Amino acid sequence: MPTILIIEDDAVIQRSLEALLRRSGFDTCLWPDLDSAEACAALRPDLVLLDVTLPSGDGFAFCRQLRALS
């Protein structure tokens, strides 16, 4: 199954996305901030849903880092 990485600090949004995606047949991996999401490169997700306004850092810069690895 395709894996979707969700990086979102709002727990309600995170759980809602997870429930919707799992019902649609996707595996999900949840991270609340960019600090803990550094390990996501090893997961090789098929898609990343990234909140770009996280308090832990710049989501756009993190996205560029992920793109450099894929």
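In this chain, numbering begins with 1 at the start of the sequence shown. Bear in mind the structure is a predicted one, so any value in this text is a computation, not a measurement.
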Look up atom CD in Gln14 and atom OG1 in Thr28, then write down how far apart they are to the nearest 0.5 Å. 9.0 Å
Checking Glu8 now: which residues fulfil salt bridge (Lys or Arg N to Asp or Glu O under 4.0 Å) with it, not counting sequence neighbours? none
Contact list for residues 47-57, test salt bridge (Lys or Arg N to Asp or Glu O under 4.0 Å), sequence neighbours left out: none
What salt bridge (Lys or Arg N to Asp or Glu O under 4.0 Å) pairs are there with at least one residue in residues 12-28, not counting sequence neighbours? Glu18-Arg22
Go through the steps to decide whether Leu50 and Leu5 satisfy the test side-chain contact (heavy atoms from CB on, under 4.5 Å), and finish with yes or no. CA-CA 8 Å; Leu50 171 63; Leu5 173 64; over 6 Å; no
Each residue besides Leu30 in its hydrophobic cluster should be listed here, by chain and number; the cluster joins Ile, Leu, Val, Met, Phe, Trp and Tyr at side-chain heavy-atom distances under 4.5 Å. Ile4, Ile6, Ile13, Leu17, Leu21, Phe26, Leu47, Leu49
Quick one: does Ile7's side chain get under 4.5 Å of Val48's, heavy atoms only? yes
Between Asp9 and Asp33, does the side-chain contact (heavy atoms from CB on, under 4.5 Å) criterion hold? Intermediate values first, please. CA-CA 6 Å; Asp9 60 329; Asp33 56 44; 5.9 Å; no
